[in-house]
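Worksheet: one structure, shown below.
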Amino acid sequence: MTLRTRFAPSPTGFLHIGGARTALFCHLHTRHYGGTTILRIEDTDRERSKSEAVEAILAGMHWLGLDPDEGPYFQSSHCEKHLEIAEQLLIGERAYRCYCTKEELDEMRDKQRAAGLKPRYDGRCRNRSEPPQEGAPFVIRFLRPTTGEVVWEDKIQGEVRVRNDELDDLILVRSDGSPTYNLSVVVDDHDMGINLVIRGEDHLSNTPRQIQLFEALAWDVPEYAHMPLLHGSDGAKLSKRHGAVSVLSFREEGFLPSAVNNYLVRLGWSHGDQEIFTMQEMESLFDICEVGRSAAIFNNDKLLWINSHHIMDSPPEELLEDLLYQLEQIGIENVDKVKLLSAVPEFQERSKTLVEMAQKMAFLFLDDIDYYEPTAAKKYMKISALPPLTELTRRLESNNEWTLESIEKVFASVLAAFEMKMGKLAQPVRVALTGTATSPGIYETLYLLGRTKSLSRLQAGVLYLEEKSQSTD
RNA sequence: GUCCCCAUCGUCUAGUGGCCUAGGACGCUGGCCUCUCACGCCGGUAACGGGGGUUCGACUCCCCCUGGGGACGCCA
């Protein structure tokens with residue numbers, strides 16, 4: 001039997017990091033076993049469903065490389081089928097009409113809570129044959145078995161047993177005639193041939209009810225894997241309402257999709273001491289059965305570290321598109337792609353995010369730098385640097401070829417002439433070129449910046465020092 | 001409140017009765033490398049929540065407590 005799994009978000013907002021983890025685990029496990037992933041939008045609550053949310057979910061999954069093999073399917077479009085099944089249950093006396101009003105149910109739950117019981121429907125309409133009045137609104141409830149228990153072997157949780165008398169008769173069809181989630185899920189999972197349901201542990205309590213429905217309909221029950229939840233730094237479940245942001249915001253912040261996936265896969269799963277995984281490695285190694293049962297807390301530092309490794313391991317051209325975007329965000333447009341591509345390798349092991357990379361390489365693309373960082377200027381732009389800097393500038397001006405080798409030779413000659421250490425010369429040059437005290441190797445920096453810009457910035461640096469020496473005289 | 005789940009360094013985890021003087025990773029930190037930053041390398045910091053059992057022997061098994069989380073909707 002080939003594996004068929006589904007990711008089934010409700011379209012009430014963007015895809016957040018917790019949902020992404022569920023989608024990832026579905027994807028990885030299914031890839032490992034060569035199955036099919038299905039995306040199904042659970043939009044049975046029409047009031048809360050938004051079409052923008054569907055777009056956002058699709059976009060988030062696409063960015064992460066988790067595009068489904070099938071779908072998106074929309075649960076609402078199978079509404080007729082769901083109601084048909086409800087009718088069938090009604091006819092087979094596995095469901096009944098319940099005329100209880102909202103107020104009545106609230107009162108019942110309040111009493112139960114006050115009595116120290118778990119609030120749940122007491123089944124008072126089970127034996128009612130007539131409506132309280134002609135045309136009274138009703139819901140259809142599932143007539144669950146009240147004795148025995150539901151048992152299943154969860155791929156993550158192990159054996160789970162729930163006594164049927166702990167459950168209540170769940171609503172299958174609302175009083176407005178629309179099917180509810182629990183009915184729709186069961187019918188759709190069956191119709192779509194889903195044989196493994198991977199979802200968050202917050203669905204654990206729905207599972208026995210759904211299994212009862214499968215059994216009442218004499219359908220095969222899928223297997224289940226309930227993943228531990230992802231928590232925020234306060235230790236509580238991460239959700240749209242509670243601290244979680246769209247996965248796409250990670251793109252905005254300069255994270256790579258593979259890094260986000262890599263980070264998420266290590267929450268609850270491990271493979272020896274390995275921390276860095278490519279998508280291919282994750283797909284071949286991951287198995288949902290190896291996932292642990294305890295919840296994890298989202299930690300941005302670890303994500304940053306993993307991202308830095310994925311940036312280092314990426315072919316430069318794969319970073320280009322997002323990098324161009326990040327450069328635009330800081331006002332640098334019309335970037336020469338060839339030039340950018342040649343610069344990227346120098347920044348890959350210096351950047352934890354693409355945002356950081358864009359900031360660090362900005363000096364290469366600006367026409368001019370208009371200021372030196374005060375601390376860098378104070379520390380390195382000293383008057384004593386004026387003579388060697390002047391000489392270096394002069395010699396570079398007369399150096400017609402602009403290669404790493406020739407630049408290095410000019411440096412060596414100046415250092416020899418002044419009998420000085422590299423650091424004393426490189427730092428003032430670095431500040432003159434970049435306005436900061438940090439950059440790639442100084443030869444590489446000069447080379448990447450190019451002859452014209454390098455010389456004009458060096459000249460500006462010399463001028464700066466000359467003015468400084470005059471003002472202090 | 002009721003039912004369920006979880007419990008190893010601050011965080012992510014390894015550990016499945018003796019290999020544990022509890023391993024790795026992030027973070028923090030000392031050093032090396034060095035033209036700066038970073039990468040890399042070497043070192044340090046830091047954990048089995050508590051109490052009972054079981055056993056020759058418990059991080060590992062059982063029970064209780066404590067702590068944390070989840071679920072209790074005509075939401076999904």
Side-chain angles (χ1 to χ4, degrees), chain A residues 8-12 42-45 47-49 75 98 100-102 105-106 109 112-121 137-141 157-158 160-163 166-168 170-182 184-185 199-206 208 226 228-229 231 233 235-237 263 266-276 292-306 308-309 312 346-352 360 376 379-380 411 415 421-431 434 436-443 445:
Chain A
S10 61
T12 54
E42 311 254 315
D43 55 350
T44 48
D45 184 356
E47 286 183 15
R48 299 207 310 162
S49 298
Q75 193 148 65
C98 167
C100 294
T101 61
K102 195 125 190 161
L105 294 174
D106 286 344
R109 291 193 190 101
Q112 287 167 331
R113 245 185 270 267
L117 300 168
K118 181 196 278 199
R120 57 203 229 253
Y121 184 64
F138 62 87
V139 299
I140 297 175
R141 284 186 187 269
Q157 304 292 327
V160 182
R161 316 179 79 97
V162 180
R163 292 204 318 278
E166 284 287 339
L167 273 19
D168 65 358
L170 82 178
I171 292 174
L172 302 176
V173 179
R174 299 187 185 95
S175 54
D176 67 358
S178 63
T180 62
Y181 163 77
N182 277 299
S184 299
V185 165
R199 65 199 345 180
E201 205 182 270
D202 50 346
H203 281 280
L204 197 68
S205 59
N206 286 320
H226 289 90
L229 301 176
H231 290 182
S233 50
K237 171 180 155 184
Y263 174 70
R266 285 284 294 103
L267 264 29
W269 180 83
S270 63
H271 180 72
D273 287 340
Q274 189 172 346
E275 296 285 354
I276 303 299
R293 293 209 266 174
S294 52
I297 293 172
F298 183 83
N299 179 257
N300 209 254
D301 283 335
K302 181 83 175 264
L303 208 208
L304 278 168
W305 177 78
I306 288 177
S308 72
H309 277 271
M312 283 190 264
E346 289 300 327
F347 293 89
Q348 279 177 289
E349 55 184 40
R350 293 178 162 82
S351 313
K352 284 186 150 83
K360 284 189 193 304
K379 192 166 178 189
Y380 300 114
F411 259 78
L415 290 177
K421 288 265 180 79
M422 183 63 179
K424 291 283 180 196
L425 181 58
Q427 282 309 84
V429 171
R430 183 165 274 120
V431 175
T434 72
T436 73
T438 68
S439 82
I442 200 66
Y443 311 137
T445 301

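Proteins come first, then strands; the chains are lettered A, B, ... in the order of their sequence lines, and each starts at number 1.
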If you only use heavy atoms from C-beta on, which nucleotide in B:C4, B:U36, B:C74 is closest to the side chain of A:L204? B:C4

State whether the distance check finds a donor on one side and an acceptor on the other, under 3.5 Å, for side chain A:R430 versus base B:C35. yes

What is the nucleic acid contact for A:T438, judged by heavy atoms within less than 4.0 Å: base, sugar-phosphate only, or nothing? base

Could you tell me if A:R430 sits above the aromatic ring of A:Y380, with its cationic atom closer than 6.0 Å to the ring centre and no more than 45 degrees from the axis? no

Per-pair stack call A:H203 and B:A76, 5.5 Å, 30°: yes

Scoring nucleotides 9-14 of chain B by protein non-hydrogen atoms under 4.0 Å (B base, S sugar-phosphate only, - none) yields --SBSS

Does the protein touch nucleotides 39-48 of chain B at the base, only the backbone, or not at all? Give it as B, S and - per nucleotide, heavy atoms under 4.0 Å. SS--------

Nearest-nucleotide pick for A:E201, side chain only, options being B:C72, B:C5, B:C74: B:C5

Is there a donor N/O on one and an acceptor N/O on the other, under 3.5 Å, for the side chain of A:S175 and the base of B:C74? yes

Does A:K237 put a side-chain nitrogen or oxygen below 4.0 Å from OP1 or OP2 of B:A71? yes

Does any N or O donor sit under 3.5 Å from an N or O acceptor when you compare the side chain of A:N206 with the base of B:A71? no

Do the side-chain N or O atoms of A:R163 get closer than 4.0 angstrom to the phosphate oxygens (OP1, OP2) of B:U2? no

Hey, is the side chain of A:T44 poking within less than 4.0 Å of OP1 or OP2 on B:A76, counting only N and O atoms? yes

